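Only one structure is covered here, and it is reproduced in the block below.
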Amino acid sequence: MNTLQKSNLTEDILSSFPLAKFGEANDSRKQAVIDLKSLGLPSNKTEEYRFTPITKHLEKNISWENRISWSDLNSIDNFLIPGLDANVLVFINGSYSEKFSKIISPKEQLEITTLGSAFLSKDVFLNQHFNTLVNSENDSFASLNTAFWQEGLYLKIPDTTRVEKPVFLLHINDASQEQIIAHTRLLISIGVASEFTLIEKFDSVGSNPIFHTFTEEIIVKDNASLEYYKIQNDKGTSQVCNTAIHQADSSKVNAYTLTMAGQIIRNNFNIAIDGKNCESHFNGLYILNGNTIADNHTVVDHKQPNSYSNELYKGIMDDNSKGVFNGKIYVRPQAQKTNAFQSNRNILVSDTATIDTKPQLEIWADDVKCSHGCTTGQLDEEALFYLQSRGISKQSAQAMLLYAFAADVIEPMKNEQVKGYFDTLISERLQKNF
């Protein structure tokens, strides 16, 4: 049984975001407040959060008083990906910025609707599917986001459409003047036999505390495909991301998550493979140093037969950093002929770095091919010695081996600009100079 933190912190949060602030609160907000009151925030005895002390961090660093967050940013050029030709959608301190956003795809390819905190919409799909994939009943931070999200976006890709330009979703938190608390939402519908690429990146300025929750729901319809990239390389942010993807028949998803910096980063990545003949690849790479904590929780739920999923997460931990991986694969009774594979591999560079890993596999079908496993170790001393014996410095030899360890996570990427950007970030972190 979970033991949860129902201390004054939960009450502080609830009182700092009264529902009256959002106008006519809808049913999902009201229910999320009830869920948050019931759940409380997770303690170190909560199984799903026992390795990640988010609640203690929030108690120590965040003030929940009401305040207006504003920004005087005059440029976002430093946060863009060099050479990337994309639709740019920008959130600053949790609010959508028309000033910095740039939409270049025609409406026939991509429909974008901004969602206010008390949105009303005539779109039947939006009303029926918003807040249907996230699990706000069982996760405190999902309920927190659902109760108090500030602004959001709804992206609709029509059937049989190839969106030629990717969407680059940029979150910037400007903590130059004060602390920032931001809660944002995203709903995407990818139409039948359509193709879409989504790139997400998180950045901040200033030295005040930042806490950001981001919840996204992505529906991939029959024969559609999604290419998904997430970049977390922001030292100043504490963040909880909830990503929920639903796949229909013969759909394809390729997902890549790169985590390199932050105070505490929690990624909940849930995929419901609810169609036949689906193909899914989920790749994660966390390269941590300092005191960063990165926690990746994934759920791959096979609900229909004849589908394939492959999950590969790799971690490199240095200094006092800490990695957490908890991956679950479910194969339902009707999901016969499923192929599902999961692997988590880790390298500890320093004696003070840690990793907690827990791969899990639950199968209720009997005609499947499934495997899971994890490894944790240090660099091969013989390989280091061999490279040094060939005149390579120890630092360069170490960087070469670590880069080779990380490279196969990004090798399958289709977008060359994003792939090159990932490669640059990894190389700079590992000090690759060979």
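Remember, it's a predicted structure, so these values are computed and weren't measured experimentally.
- The CG atom of Asp234 sits 10.0 Å away from the OG1 atom of Thr292 when rounded to the nearest 0.5 Å.
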Verdict with supporting geometry, Phe148 and Trp64, ring-ring contact (aromatic ring centres under 6.0 Å, His included): CA-CA 13 Å; Phe148 303 124; Trp64 298 93; 9.3 Å; no
Run Lys358 and Glu47 through salt bridge (charged side-chain N to carboxylate O under 4.0 Å, His left out) and show every step you take. CA-CA 12 Å; Lys358 186 181 179 183; Glu47 180 62 27; 3.1 Å; yes
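- The pair Arg50-Asp356 does not count as a salt bridge, with every side-chain nitrogen at least 4.0 angstrom from each carboxylate oxygen.
- To the nearest 0.5 Å, the span separating CG on Leu348 from OG on Ser321 amounts to 8.5 Å.
- Considering all non-hydrogen atoms of both residues, Asn208 and Gln179 come closest at CB-N, 3.6 Å.
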Could you give me the CA-CA distance, side-chain angles and deciding distance for Thr160 and Val192, then say whether side chain to side chain contact (heavy atoms under 4.5 Å, CB included) is met? CA-CA 6 Å; Thr160 63; Val192 174; 5.6 Å; no
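- The shortest distance between side-chain heavy atoms of Phe282 and Asn310 does not fall below 4.5 Å.
- Salt-bridge check for Lys37 with Asp35: failed, with every basic side-chain N at 4.0 Å or more from each acidic carboxylate O.
- Look at Glu311 and Lys328 and you find no salt bridge, because none of the NZ, NE, NH1 or NH2 atoms lies under 4.0 Å from a carboxylate O.
- Taking 4.5 Å as the limit, some side-chain heavy atom of Leu387 sits within range of a side-chain heavy atom of Leu401.
- Using a 4.0 Å cut-off between a side-chain N of Lys or Arg and a carboxylate O of Asp or Glu, Asp295 and Arg266 qualify as a salt bridge.
- Here the options are Phe91, Phe100, Tyr96, the test is ring pair (Phe, Tyr, Trp, His ring centres under 6.0 Å), and the partner is His171; only Phe91 passes.
- The side-chain heavy atoms of Ile293 and Pro53, taken from C-beta on, include a pair separated by under 4.5 Å.
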Carefully, step by step, assess Gln232 and Thr259 under the rule side chain to side chain donor-acceptor pair (under 3.5 Å). CA-CA 5 Å; Gln232 299 167 312; Thr259 305; 2.6 Å; yes
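- Across all their heavy atoms, Gly191 and Asp159 have their closest contact at CA-OD1, 3.3 Å.
- Checked against a 6.0 Å centroid threshold, the rings of Tyr308 and His281 count as neighbours.
- The side-chain heavy atoms of Phe168 and Ile81, taken from C-beta on, include a pair separated by under 4.5 Å.
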Assess whether side chain to side chain contact (heavy atoms under 4.5 Å, CB included) is satisfied between Lys201 and Tyr229, documenting all intermediate values. CA-CA 8 Å; Lys201 187 169 180 280; Tyr229 304 92; over 6 Å; no
Test Thr213 against His183 for side chain to side chain donor-acceptor pair (under 3.5 Å), laying out the working first. CA-CA 5 Å; Thr213 71; His183 308 291; 2.6 Å; yes
Dump the intermediate steps for side chain to side chain donor-acceptor pair (under 3.5 Å) on Arg429 and Ser427, then the final yes or no. CA-CA 5 Å; Arg429 171 60 61 85; Ser427 299; over 6 Å; no
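- For the pair Lys156/Phe125, no side-chain contact is recorded, criterion being any heavy-atom separation below 4.5 Å from C-beta on.
- Closest approach of Pro42 and Thr46 over heavy atoms only: CA-OG1, 3.5 Å.
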Take Ser280 and Gln247, measure what side chain to side chain contact (heavy atoms under 4.5 Å, CB included) needs, and give me the verdict at the end. CA-CA 9 Å; Ser280 312; Gln247 287 187 249; 2.5 Å; yes
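- Lys419 pairs by the salt bridge (Lys or Arg N to Asp or Glu O under 4.0 Å) definition with Glu411, not counting sequence neighbours.
- Side chain of Ser15 to main chain of Glu11: a donor-acceptor pair is present (N/O by atom type, distance under 3.5 Å, no hydrogens or angles).
- Looking only at side-chain heavy atoms (C-beta outward), Ile426 and Thr424 stay at 4.5 Å or farther from each other.
- Using a cutoff of 4.0 Å between basic side-chain nitrogens and carboxylate oxygens, Glu195 and Lys252 are not scored as salt-bridged.
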Stepwise ring-ring contact (aromatic ring centres under 6.0 Å, His included) test for His372 and Phe341: CA-CA 6 Å; His372 70 300; Phe341 307 99; over 10 Å; no
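- Annotation: cation-pi geometry not satisfied between Arg185 and Tyr154 (NZ/CZ under 6.0 angstrom from ring centroid, within 45° of ring axis).
- A heavy-atom distance below 4.5 Å is found between the side chains of Leu89 and Val167.
- Salt bridge Asp408/Lys314: present, at least one basic N to carboxylate O contact under 4.0 Å.
- Atom CG of Asn268 is separated from atom CG of Asp139 by 5.0 Å, given to the nearest 0.5 angstrom.
- Counting only distance, with no hydrogens or angles, the side chain of Ser38 and the backbone of Ile34 share no donor-acceptor pair below 3.5 Å.
- His212 pairs in a side-chain hydrogen bond (donor to acceptor under 3.5 Å, both in side chains) with only one of the listed residues (Asn145, Thr237, Thr184), which is Thr184.
- Between Trp149 and Phe130, the ring centre distance stays below 6.0 Å.
- Considering all non-hydrogen atoms of both residues, Ser71 and Ile92 come closest at CB-CG2, 3.7 Å.
- The two atoms that bring Gln128 and Thr132 nearest to each other are O-CG2, 3.2 Å, heavy atoms only.
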Test log, rule side chain to side chain donor-acceptor pair (under 3.5 Å), inputs Asn346 and Tyr286: CA-CA 9 Å; Asn346 302 279; Tyr286 41 101; 2.6 Å; yes
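- Here the CG atom belonging to Asp72 is positioned 6.0 Å from the CG atom belonging to Asp174, to the nearest 0.5 angstrom.
- At a threshold of 4.5 Å between non-hydrogen side-chain atoms, the residues Glu151 and Leu115 do not count as touching.
- The CD1 atom of Ile271 sits 10.0 Å away from the CD1 atom of Ile329 when rounded to the nearest 0.5 Å.
- In plain terms, the two heavy atoms of Ser396 and Ile392 that are nearest each other are CB-CG2, 3.7 Å.
- Evaluation of the salt bridge (Lys or Arg N to Asp or Glu O under 4.0 Å) rule for Asp319 yields no partner, not counting sequence neighbours.
- Test Asn87, Thr161, Ile157 against Ser105 for side-chain contact (heavy atoms from CB on, under 4.5 Å) and you get one pass: Asn87.
- Residue pairs meeting the ring pair (Phe, Tyr, Trp, His ring centres under 6.0 Å) criterion with at least one partner in residues 31-53, sequence neighbours excluded, are Tyr49-Phe141.
- Side-chain rings of Tyr228 and Phe269 approach one another, their centers coming within less than 6.0 Å.
- Rounding to the nearest 0.5 Å places NZ of Lys56 at 12.5 Å from OG1 of Thr52.
- Of the listed residues (Thr55, Leu144, Leu41), just one forms a side-chain contact (heavy atoms from CB on, under 4.5 Å) with Thr10, and that residue is Leu41.
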